[in-house]
Amino acid sequence: DVYHPRFLSIPRFLKFTDGLFEALFSLPLLIKLKRAGRLDILDAHFIHPDGIAAWLLGKWLRVPYTITLRGALPRIARTRLRRWMAIRAMRSAARVFAVSDSLRQLAISLGISADHVQVVSNGINLDLFQPENQLQCRQELGIDPEAKVLLTVGTLTENKGFHRVMEQLPALLERFPNLIYLVVGGEHPNGDEQRLRRIAGEIGVADRVNFMGVHPPERLRYFYSAADLYVMPSRTEGWANVFLEAAACGLPAVATRVGGNAEVISKPEVGTLVPFGDGEALREAIAAGLDRNWDQATILAHARDNAWEHRIGKLVQAFDASHTGQYKEVACDR
């Protein structure tokens, strides 16, 4: 069973209260589940607000909880109050998971014991992501069969670096005249799609940037399969599963060397890493990636090595260690 308890969130200056309100608004449901014998452990994902909420609920309900660090910690660590709450929540947790070693090292630098933080990386669902025929995918999506196709999938935010790819398109078009860029993802509350469209127009590449909108996970493999290269020069990342999604469809990637990216793109046979903010290095990596004859079998094998089935055992063992008896998870999806 999956429940969706809503909670009050006050934008901007009172966002630090999100954890408290999430805990308060979830409390009646969890009390009911505990009385019914259906609550053994809380498993929170992202340190804020969910990890803070789990910390409070764990104290109130006297149940163990775990926290998974998924990329928000670097931002939280820069704010004094939320950093203090995050540290308290991590110290009191039965276990802290990190999806990358870079996040684990950050938690340790904040004073969390090294043996308290365990790396369990994200996995890929191979039932959803697999290669499709490129020509058929392009025909279905209305893409020129002869085009060179770049792809980025993600929420349309500044962090993901869509605009950084666009900035390199004029020079890349001199080498690849049939180049197009597919942008797949949903609008951000701050209205980044209009900003990105404006940037594409100002640079003069509006006719080469296709905003494809939001698509469900089961449809994304057709975009990955239609592309020649996945590109995401993000500013920060925890463990970006889009790289594994691309790999599961046989698609190599170009990314920035930030966060856990080097742990996902862990060998040159599956992708290339460049320094963040180095536009020339990004452009050359994209050009080299488009020219290169990649070994798709190696890329697919990398995705299989990162299937979810390889992660679940570690999590179950940790949950069993946190609570004796049968583990029953209550998933709270915001």
Quiz prompt | Polar side-chain atom of Y65 near backbone of A93 as donor-acceptor pair, under 3.5 Å | solution = yes

Practice problem: Answer whether the closest heavy-atom distance between the side chains of L42 and L30 falls below 4.5 Å. | Solution: yes

Quiz item: Taking the side chain from R95 and the backbone from Q118, do they hold a donor-acceptor pair closer than 3.5 Å?
Solution: no

Self-check item: Stepwise salt bridge (Lys or Arg N to Asp or Glu O under 4.0 Å) test for E237 and K160
Solution: CA-CA 9 Å; E237 290 292 346; K160 296 300 180 184; 2.9 Å; yes

Quiz item: When clusters are formed by joining ILVMFWY residues with side-chain heavy atoms under 4.5 Å apart, either directly or through shared neighbours, do L24 and I31 land in the same one?
Solution: yes

Quiz item: What pairs meet the salt bridge (Lys or Arg N to Asp or Glu O under 4.0 Å) rule with one or both residues in residues 106-117, with sequence neighbours excluded?
Solution: none

Self-check item: D192 vs T157, side-chain hydrogen bond (donor to acceptor under 3.5 Å, both in side chains): CA-CA, chis, key distance, verdict
Solution: CA-CA 6 Å; D192 272 25; T157 64; 5.4 Å; no

Practice problem: Take L229 and V254 through the test side chain to side chain contact (heavy atoms under 4.5 Å, CB included) and record every step on the way to the result. | Solution: CA-CA 7 Å; L229 189 66; V254 170; 3.8 Å; yes

Exercise. Could you tell me whether the side chain of L282 reaches within less than 4.5 Å of the side chain of V231, counting heavy atoms only?
Key: yes

Self-check item: Test side chain to side chain contact (heavy atoms under 4.5 Å, CB included) applied to L315 and F97, step by step
Solution: CA-CA 9 Å; L315 292 170; F97 302 109; 4.1 Å; yes

Self-check item: Exam field: side chain D278 to backbone A281, donor-acceptor pair closer than 3.5 Å
Solution: yes

Practice problem: Kindly give the heavy-atom pair with the smallest separation between A248 and L126, and that separation in Å. | Solution: CB-CD2, 3.9 Å

Quiz prompt | Validation row: R257, V274 side chains within 4.5 angstrom (heavy atoms) | solution = no

Quiz item: Distance from F129 atom CZ to I124 atom CD1, nearest 0.5 Å?
Solution: 5.0 Å

Quiz prompt | Stepwise side-chain hydrogen bond (donor to acceptor under 3.5 Å, both in side chains) check, S234 with N159 | solution = CA-CA 5 Å; S234 31; N159 178 64; 5.4 Å; no

Quiz item: Between K34 (side chain) and L61 (backbone), is there a donor-acceptor pair under 3.5 Å?
Solution: yes

Quiz item: For the residue pair P145 and L135, what are the closest heavy atoms and their distance?
Solution: CB-CD1, 3.6 Å

Self-check item: same_hphob_cluster(V214, F211) at 4.5 Å side-chain heavy-atom cutoff
Solution: no

Quiz prompt | R175 with E284: basic N within carboxylate O range, under 4.0 Å | solution = yes

Self-check item: Donor-acceptor under 3.5 Å (E269 side chain, I299 main chain)
Solution: no

Quiz prompt | Any K15 side-chain heavy atom under 4.5 Å of I10 side chain | solution = no

Quiz prompt | Main-chain N/O of K267 paired to H302 side chain as donor or acceptor, under 3.5 Å | solution = no

Exercise. Quick one: list whatever passes side-chain contact (heavy atoms from CB on, under 4.5 Å) with Y222, sequence neighbours left out.
Key: E132, C137, R219

Quiz item: Side chain of R91, backbone of S113: donor and acceptor closer than 3.5 Å?
Solution: no

Practice problem: Give a yes or no answer on whether the side chain of S100 reaches the backbone of G238 with a donor-acceptor pair at less than 3.5 Å. | Solution: yes

Quiz item: Within a strict 4.5 Å, meaning less than it, do heavy atoms of the I41 and V63 side chains meet?
Solution: no

Exercise. Grab the two heavy atoms, one from W60 and one from A23, that are nearest each other, plus how far apart they are.
Key: CZ3-CB, 3.7 Å

Quiz item: Looking at CD of E140 and OG of S225, how far apart are the two atoms once the value is rounded to the nearest 0.5 Å?
Solution: 10.5 Å

Quiz item: Taking a hydrophobic cluster as the set of Ile, Leu, Val, Met, Phe, Trp and Tyr residues connected by side-chain heavy atoms closer than 4.5 Å, whether directly or through intermediates, do F46 and V119 fall within one such cluster?
Solution: no

Quiz item: Would D43 and H45 satisfy side-chain hydrogen bond (donor to acceptor under 3.5 Å, both in side chains), going step by step from the backbone distance to the final call?
Solution: CA-CA 7 Å; D43 176 31; H45 292 252; 3.0 Å; yes

Quiz item: Under 3.5 Å, is there a donor-acceptor pair between the side chain of D228 and the main chain of V149?
Solution: yes

Quiz item: Would you call T256 and M232 a side-chain contact if the rule is heavy atoms closer than 4.5 Å?
Solution: no

Practice problem: Could you tell me whether a side-chain N or O of H215 sits under 3.5 Å from a main-chain N or O of F223, the two making a donor and an acceptor? | Solution: no

Self-check item: Lys NZ or Arg CZ of R292 over W294 ring: under 6.0 Å, within 45°
Solution: yes

Practice problem: Might you confirm whether atom CD of E218 has over 12 heavy atoms from other residues, nucleotides or ligands at distances under 6.0 Å? | Solution: yes

Quiz item: Mind checking whether I108 and M90 sit in one hydrophobic cluster, side chains of I, L, V, M, F, W, Y counted as touching below 4.5 Å?
Solution: no

Self-check item: Nearest-0.5 Å distance, CZ of residue R83 to CD1 of residue I47
Solution: 13.0 Å

Quiz prompt | Close side-chain approach of I180 to L182, heavy-atom, < 4.5 Å | solution = yes

Quiz item: Which distance, rounded to the nearest 0.5 Å, do you find between the CZ of R138 and the CG of N133?
Solution: 10.5 Å

Quiz item: In this structure, are over 12 heavy atoms from other groups packed under 6.0 Å from E202 atom CD?
Solution: yes

Quiz prompt | Distance, nearest 0.5 Å, that separates CG of L39 from CG of L57 | solution = 9.0 Å

Quiz prompt | Residue pairs involving residues 236-266 (criterion ring pair (Phe, Tyr, Trp, His ring centres under 6.0 Å); sequence neighbours excluded) | solution = Y230-F243

Practice problem: Enter the distance from H48:NE2 to D50:CG here, rounded to the nearest 0.5 Å. | Solution: 9.0 Å

Quiz item: In terms of the angle between their ring planes, are F162 and Y181 parallel, tilted or perpendicular, with boundaries placed at 30° and 60°?
Solution: tilted

Quiz item: Do you know which two heavy atoms are closest between P177 and R208, and how far apart they sit?
Solution: O-NH1, 2.7 Å

Quiz prompt | Minimum heavy-atom distance I265-A255, with the two atoms named | solution = CD1-CB, 3.7 Å

Practice problem: Carefully, step by step, assess E158 and R164 under the rule salt bridge (Lys or Arg N to Asp or Glu O under 4.0 Å). | Solution: CA-CA 9 Å; E158 187 278 339; R164 300 182 189 102; 2.6 Å; yes

Quiz item: Do F13 and W84 share a hydrophobic cluster, counting only Ile, Leu, Val, Met, Phe, Trp and Tyr and linking them when any side-chain heavy atoms are less than 4.5 Å apart?
Solution: no

Quiz item: So do the side chains of L300 and P131 get within less than 4.5 Å of each other, counting heavy atoms only?
Solution: yes

Quiz item: Within 45° of the six-membered ring axis of F276 and under 6.0 Å from that ring's centre, is NZ or CZ of R235 located there?
Solution: no

Quiz item: Closest approach of A94 and P64, non-hydrogen atoms and distance?
Solution: CB-CB, 4.3 Å

Self-check item: side-chain hydrogen bond (donor to acceptor under 3.5 Å, both in side chains) assessment of S121 paired with N306
Solution: CA-CA 8 Å; S121 303; N306 285 277; 6.0 Å; no

